[in-house]
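For reference, the structure discussed in these notes is given below.
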Amino acid sequence: MSDSTIMINKIQTDLIKWFDNHGRSLPWRRTKDPYAIWLSEIILQQTRIDQGLKYWENFLREFPDVKSLSMAKESEILALWSGLGYYSRARNIYKAAHILVSKYESQFPKTSSELLKIPGIGPYTAAAISSICFGEVTPALDGNAFRVYSRLFAMSSPIEKRSTIKDIWTLALPLISNKSPGDSNQAIMDIGSTICKPKNPNCPECPLEENCISRRSGIQHEFPVKLKSIKIKEIEKFYVLLKRGEKYGLIRRPKSGIWGGLWTPLELIPEDWELAKTNKNIDESNIKYLKHLLSHRKMNLYFTYWIGDTFPENKEIQWFSEQDLKRLAFPAPIIKILSEKSYF
DNA sequence: AAGACGTGGAG
DNA sequence: TCTCCAAGTCT
């Protein structure tokens, strides 16, 4: 056995050992059911565990398997997803459930290359599911893993580049245990979230410390190398809540774009908002303001009631009673403003 | 391939 | 209050 093989074997066993002793205890780690794992992986995309946990429990309770999920209406899935964000994930699990039932006999494919064909499953999720559920030896590279590996290998090229990602994948592959690849991947992710954090990594606690190339030079904080900085644009949106008797008028947003498929009050373009003010259709002294941050945008949201019986011309408006609203999917800021400001 | 797509917690 | 960003994917 060569020296490098011995070292790689040691890293493998160190990782597994660390995972057994220090890995996080999470509910979806108590099962190997690919459906439950899949759901957790989709929910946790760009989402913190604290935030996603409740949703995972709700989904598993309402829809315990692929078949029950495939029988749900898209609106039901969206409503259950309401408040979690990145709603294409909800629309995609709806599509995915149908594909799994019709083309895969309700079974999850066992390889990452096959999983990749399913809507909402990208390179990370495919590798996570195949390694955890089916023992495929492949690195699952999420944000945590990229950070850990970029420090471990002191990757000087920017993390956004395709070649860098490919290099990390190749370097990471030998570190994945053939016996329990899922544990290897989850060990790396746990190290990334609890030790090898973006700021102030706790290197003395890390099982990889002695093998970490950037740590040897004390430059671990310089990785991962990133190209771009985020620039925030500001936009304004204007909403008027329509009320007719005991019913509220709402609009269903188009499937694509922000908050796709969700419900909001009527959204006015700035010109119509100004016009409505001129015509005294909105009460200027009673406009609620809410700031909402998106990944690359700052949204300034303005809300008010519509005054008068003549509503803006819009064929999309649908009317709901207060009871109906519970089954509808709303974006988080809409939920916030409607409940906190006690519109309903 | 660069930009769109949410949200709430941390510092 | 403000900035950053977390278990990514899609177009």
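Fair warning: this is a prediction, and the values are worked out from it, not measured in the lab. All chains are named by letter (A, B, ...) in the order of the sequence lines, taking the proteins before the strands, and each is independently numbered beginning at 1.
One interatomic measurement links the two molecules: CG of A/Asp50 to P of B/dA10, which rounds to 8 Å at whole-angstrom precision. When the C1' atom of B/dG3 is taken as reference, atom CG of A/Leu294 falls 13 Å away, rounded to whole Å. Protein atom CD of A/Glu160 is 15 Å distant from nucleotide atom P of C/dG8, rounded to whole Å. Taking atom CZ of A/Arg162 as the reference point, atom P of B/dA2 lies 10 Å away to the nearest angstrom. Distance CG (A/Leu290) to P (B/dT7): 11 Å, rounded to an integer number of Å. To the nearest angstrom, P of C/dC10 lies 17 Å from NZ of A/Lys255. In this structure, CD of A/Gln51 is placed 12 Å from P of C/dG8, rounded to the nearest angstrom. Between A/Tyr87 atom OH and B/dG6 atom P the separation is 7 Å, expressed in whole Å.
Each of A/His221, A/Gln220, A/Glu222 was compared with A/Ser214 under the side-chain contact (heavy atoms from CB on, under 4.5 Å) criterion, and only A/Gln220 meets it.
Backbone-only engagement by A/Gly83 is indicated by non-hydrogen atom pairs under 4.0 Å involving sugar-phosphate atoms exclusively. No contact: A/Leu116 has no heavy atom under 4.0 Å from any strand. Among the heavy atoms of the strands lying under 4.0 Å from A/Ile121 are primed sugar atoms or P, OP1, OP2 only; no base atom is included. Within the 4.0 angstrom heavy-atom criterion, only backbone atoms of the sugar-phosphate kind lie near A/Gly257; the bases stay farther away. Contact annotation for A/Ser40: no contact, since no heavy-atom pair falls under 4.0 Å across all strands. Looking at heavy-atom distances under 4.0 Å, A/Trp28 makes contact with a base. A/Arg91 comes within 4.0 angstrom of no nucleic acid atom, judged by non-hydrogen atoms across all strands.
The side chain of A/Asn92 has C/dC10 as its nearest neighbour among B/dG6, C/dT3, C/dC10. You'll find that the side chain of A/Ser295 is closest to B/dG6, out of C/dA6, C/dT9, B/dG6. With C/dG8, C/dT9, B/dG9 as the candidates, the nucleotide lying closest to the side chain of A/Arg48 is B/dG9.
Between C/dC2 and A/Lys291, a contact under 4.0 Å exists linking OP1 or OP2 to a side-chain N or O. Within the 4.0 Å cut-off from OP1 or OP2 of B/dT7, at least one side-chain nitrogen or oxygen of A/Trp259 is found. Of the side-chain N and O atoms in A/Gln45, none sit less than 4.0 angstrom from OP1 or OP2 of C/dG8. A close approach under 4.0 Å does occur between a side-chain nitrogen or oxygen of A/Thr125 and OP1 or OP2 of C/dT9. Using a 4.0 Å cut-off, some side-chain N or O of A/Lys233 falls inside it from OP1 or OP2 of B/dA4. Close to B/dT7, at under 4.0 Å from its OP1 or OP2, lies a side-chain N or O of A/His292.
For the pair A/Leu301/A/Ile334, no side-chain contact is recorded, criterion being any heavy-atom separation below 4.5 Å from C-beta on. A heavy-atom distance below 4.5 Å is found between the side chains of A/Pro123 and A/Leu116.
Nucleotides of DNA chain C nearest to A/Lys95 and A/Thr47 differ in position, and the one nearer the 5' end is that of A/Thr47. Toward the 5′ end of DNA chain C lies the nearest nucleotide of A/Leu26, the other residue of the pair A/Gly120 and A/Leu26 mapping further downstream. Heavy-atom nearest nucleotides on DNA chain B were determined for A/Lys199 and for A/Ser256, and the one closer to the 5' end corresponds to A/Ser256.
Side-chain N/O atoms of A/Arg89 and A/Asn92 include no donor and acceptor closer than 3.5 Å.
Between atom CH2 of residue A/Trp18 and atom CD1 of residue A/Ile191 there is a gap of 5.0 Å, rounded to the nearest 0.5 Å. With values rounded to the nearest 0.5 angstrom, A/Leu293 atom CG is found 7.0 Å from A/Lys291 atom NZ.
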> Could you walk me through whether A/Met155 and A/Tyr149 pass the side-chain contact (heavy atoms from CB on, under 4.5 Å) check?
Replying inline: CA-CA 8 Å; A/Met155 301 294 295; A/Tyr149 287 129; over 6 Å; no
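The gap from the P atom of C/dT9 to that of B/dG8 amounts to 22 Å, rounded to the nearest Å.
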